[in-house]
Each structure stands twice: as structure tokens, then as C-alpha cells.
Amino acid sequence: MMIPPACKSVNYWWAFGHKSCSLFKYYFIHLSFSLSLSLSLSLSHFSISLKAMDLLHKFLNIILLPLTSILLLLFMPPFLLLKFLFSLKRYIFMENVAGKVALITGASSGIGEHVAYEYAKRGARLVLVARREDRLRAVANKARQIGSPEVIAVAADVSKVEDCKRFIEEAVNHFGQLDHLVNNAGVTKPRSFEKVTQFSDFASLMDINFWGSVYSTHYAVPYLRKNKGKIVVISSTGAWLANPRLSFYNASKAALLSFFETLRIEFGPDIGVTIVTPGLIDSEMTQGKFLPQAAWVPAETAEGCAKAILDSTCSGDMYLTEPSWMKVLYWIKVLCPEVLEWCSHSMFANRPQSTKKNS
């Protein structure tokens with residue numbers, strides 16, 4: 001019996017398909033096995049790596065602290081001597097700011113106002129920036145009287161990026177250069193975190209205290225780099241010393257500290273960065289109605305703080321804590337934070353809040 005051609009064709013393609021499927025299954029099984037084996041080996045290797053890494057961390061946890069302590073004991077004496085000699089040299093050959101251009105934000109009162117007067121006494125040309133135009137003009141007039149050859153006052157809000165761009169451009173267009181930028185503008189709103197009802201009230205605090213300095217610096221950097229200028233950042237001891245009822249203020253100042261430490265590494269020797277962490281300074285911000293819990297803490301004068309800031313800036317210091325005795329609290333925080341937090345809670349957090357409203 002003869003098989004019709006059509007049937008032969010069907011049988012052929014069926015046999016071909018069956019053979020192809022067999023080959024496909026073979027290669028699929030082979031590939032699956034290879035992938036499984038590779039994955040198993042990779043996981044095994046990964047597991048070994050994790051164990052090795054875990055052992056490495058345990059080893060470093062045990063050995064690194066005592067080893068570092070020994071090395072520091074050997075290294076610190078010559079390093080401190082060398083550091084002292086360099087600081088002495090910087091002090092003797094302190095930068096002369098006469099004729100240089102310094103831009104100061106928040107110059108209408110407090111630290112900013114007295115930093116302006118200190119620059120003026122040393123013959124610097126000034127660009128004073130603040131929101132209160134009438135108060136700013138009074139500061140500008142006094143700065144001229146005590147020695148600044150030229151002062152311009154620019155009413156602006158540092159929380160607005162367009163304002164920051166404008167006053168940097170006005171300074172450069174007027175004087176043709178920019179040598180020092182003092183990021184001083186700041187506000188505070190003391191309040192217990194549990195009593196906060198509108199977080200938008202504190203967004204403006206971050207905008208002024210942190211973003212205002214970021215915006216100003218961004219537009220000033222090309223001109224500062226050109227003259228190997230300097231940036232002065234007014235942070236606060238609150239950046240590392242937590243004060244009750246100032247959680248948002250402390251956070252904004254800690255952000256400044258971290259941000260400008262990073263920039264200092266990025267800039268290298270092109271632009272000097274001095275980070276100032278003042279303690280309690282006698283100013284509008286620290287009067288009783290603003291910080292009632294700190295009424296009994298000794299406050300330094302704004303004049304004394306301003307002089308220390310400019311001396312430190314002209315000497316090229318990386319950090320300044322003023323008054324300097326506040327550094328003791330930093331070391332207490334590092335060595336025994338529990339004691340410092342207990343004292344702070346007992347002395348400040350448990351004190352009754354003032355019924356006066358912030359202006």
C-alpha cells in the first residue's frame with residue numbers, strides 16, 4: 001500500500017519537530033544546569049565573601065581603637081607643635097583686608113552688624129545685605145564713619161534664590177571683585193517639637209539658615225576662586241550641642257556645618273572656609289523673649305565675637321568656637337554624652353516656657 005505524498009510530508013515535519021523539540025529540551029536542560037551550577041558557585045563565593053568581610057570587621061573592631069590610640073600618642077605631640085608653629089605664622093602674617101570687598105548677609109543686627117564694623121575698621125569695602133532696609137542703611141552709615149572707604153546696602157531676602165543672585169551680581173558689578181563672603185543671615189523659632197502644629201512655619205527657618213547660605217555661595221564661588229577668597233559661615237554650637245526647643249534651628253546649623261566642610265574639601269586651597277560655631281552671643285536673637293531658657297547662661301558681646309571671627313578668618317583658621325570655653329562642652333559630649341544630655345534636660349527642658357510670643 002502506497003503512502004500518499006501529503007502523509008509523507010506530515011510524517012517528515014512531525015519527525016523533524018519531534019527531533020527539534022528533543023534537541024531544544026536537551027539544550028534547555030543543559031543551560032539550566034549550567035546556570036544553576038554557576039549561581040550555586042556564585043552564592044557560595046558570596047557567602048564566603050560575606051563571612052570574610054564579617055571577620056574583617058570584627059578584627060577591625062578589636063584592633064583599630066587601641067592601635068589608633070597608640071599611634072595618636074606618638075603622633076599628636078609633634079603634630080600639635082607643628083600646628084602651633086603654623087598658627088603662629090598665620091597670625092603674624094595675618095591677611096590685610098584693607099581695600100578688599102566683603103559681602104555680609106544678615107548685616108542689619110547682631111553678629112552680622114558688628115562683623116561689618118570690624119571689617120570697616122580694617123579698611124575693607126563692604127556690601128551689606130539684609131531685609132530691613134532702614135536698619136541696614138544705619139549700619140552702612142556707621143561703617144563709613146569708622147573707616148570703610150565704600151559701602152553699599154542691598155535690601156534682599158536670602159531665602160529667595162533670585163535675590164541671592166542679584167546681590168552677588170550687584171557687588172561684583174559695583175566693585176569689580178569679591179574677596180570675602182560672610183554667610184551670617186539666620187533666624188530662630190524656639191518651640192518644643194510636640195507643640196509644633198504648622199511645619200510650614202519652620203520651612204522658612206531652613207530656607208534662611210541653610211539655603212540662604214547655599215544660594216549665596218553658589219553665585220559667589222567663581223569670583224572668590226578668581227581672587228583666592230574666603231567664605232565665613234556662621235553656624236552655631238547648636239550644630240553639635242543639642243539645645244531643647246531648638247530642634248529645627250539646630251538641624252539647620254548642623255546642615256551648614258556638614259555642607260561647608262564638604263565644600264572645603266572640594267575647593268581645596270582655592271577658597272578658604274572658616275566655620276564659626278558661636279555659643280550664646282548677646283543679640284536680638286538671644287534676648288529673653290527668644291531664648292528664655294538661656295537667660296542665666298553667660299553671653300558674649302557681639303563686638304567681641306565679631307573681632308574673634310575676623311581675626312580667625314584673616315588667619316586662615318578652619319574652625320572657630322566663640323567663646324572658646326564652649327569647646328569643653330564638645331569634649332564632654334564626645335566622652336560622656338549621657339551626662340551632658342541629662343544635665344541639658346534637667347536645666348533646660350524642664351524649665352517652664354515663657355508666655356511671650358516671638359516677634
Side-chain angles (χ1 to χ4, degrees), residues 105-113 129-136 155-164 183-218 233-260 276-297 299 302 326 329 333 337-338 340-359:
T105 65
S108 61
S109 65
I111 294 175
E113 175 186 355
V129 179
R131 291 179 292 185
R132 296 180 293 180
E133 191 170 2
D134 54 342
R135 177 65 185 149
L136 194 61
D157 184 348
V158 297
S159 67
K160 297 176 180 177
V161 66
E162 60 274 11
D163 278 19
C164 295
N183 288 312
N184 168 73
V187 294
T188 184
K189 293 180 181 179
R191 195 174 305 170
S192 294
F193 180 70
E194 290 179 293
K195 295 185 178 180
V196 173
T197 55
Q198 293 291 333
F199 286 103
S200 58
D201 294 343
F202 294 90
S204 62
L205 183 147
M206 184 63 77
D207 288 340
I208 294 169
N209 291 6
F210 176 68
W211 285 108
S213 296
V214 173
Y215 298 150
S216 304
T217 301
H218 176 75
V233 186
I234 310 300
S235 180
S236 169
T237 52
W240 44 261
L241 181 65
N243 298 301
R245 302 179 188 138
L246 290 173
S247 52
F248 292 98
Y249 175 81
N250 293 343
S252 68
K253 294 299 185 178
L256 274 181
L257 180 65
S258 179
F259 181 79
F260 281 95
V276 184
T277 50
L280 193 65
I281 307 299
D282 187 16
S283 66
E284 283 183 357
M285 188 182 290
T286 56
Q287 288 171 1
K289 61 182 178 180
F290 290 102
L291 297 179
Q293 74 270 30
W296 59 274
V297 178
M326 293 289 292
L329 297 178
K333 175 185 171 67
E338 300 86 355
L340 187 63
E341 286 194 13
W342 179 84
C343 291
S344 183
H345 179 79
S346 301
M347 291 188 294
F348 297 118
N350 288 334
R351 290 173 68 88
Q353 289 183 310
S354 171
T355 57
K356 294 180 181 180
K357 293 183 179 179
N358 298 336
S359 66

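Rounded to the nearest 0.5 angstrom, Ser235 OG and Asn183 CG are separated by 11.0 Å. Rounding to the nearest 0.5 Å places CZ of Phe202 at 9.0 Å from OG1 of Thr188. Residue Arg191 holds its CZ atom at 6.5 Å from OG1 of Thr197, rounded to the nearest 0.5 Å.
For Trp240, the CH2 atom counts as densely surrounded, since its 6.0 Å shell holds more than 12 non-hydrogen atoms of other residues, nucleotides or ligands.
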Tell me, with the steps shown, if Lys189 and Phe248 meet side-chain contact (heavy atoms from CB on, under 4.5 Å).
-> CA-CA 8 Å; Lys189 293 180 181 179; Phe248 292 98; over 6 Å; no
Dump the intermediate steps for side-chain contact (heavy atoms from CB on, under 4.5 Å) on Leu241 and Met326, then the final yes or no.
-> CA-CA 10 Å; Leu241 181 65; Met326 293 289 292; 4.0 Å; yes
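Within the 3.5 Å criterion, the main-chain N or O of Asn184 finds a donor-acceptor partner in the side chain of Thr105. Judged by distance alone, with hydrogens and angles left aside, the side-chain atoms of Thr237 form a donor-acceptor pair with the main-chain N or O of Pro278 at under 3.5 Å. Under a 3.5 Å cut-off, the side chain of Asp207 and the backbone N or O of Ser159 do not form any donor-acceptor pair.
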Which donor-acceptor pairs under 3.5 Å do the side chains of residues 250-260 make with protein atoms, sequence neighbours left out?
residue: Asn250; atom: ND2; partner: Asn243; partner atom: O; Å: 3.3
residue: Asn250; atom: ND2; partner: Leu246; partner atom: O; Å: 3.2
residue: Ser252; atom: OG; partner: Asn209; partner atom: ND2; Å: 3.1
residue: Ser252; atom: OG; partner: Tyr249; partner atom: O; Å: 2.7
residue: Lys253; atom: NZ; partner: Ile234; partner atom: O; Å: 3.0

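Every side chain to side chain contact (heavy atoms under 4.5 Å, CB included) that Arg132 has, sequence neighbours left out, goes to Ser108, Ser109, Asp134, Arg135, Glu284.
The two residues Cys164 and Ser216 make their nearest non-hydrogen contact at SG-OG, 3.7 Å. The minimum heavy-atom distance between Ala302 and Ile281, with the atom names listed, is CA-CG2, 3.7 Å.
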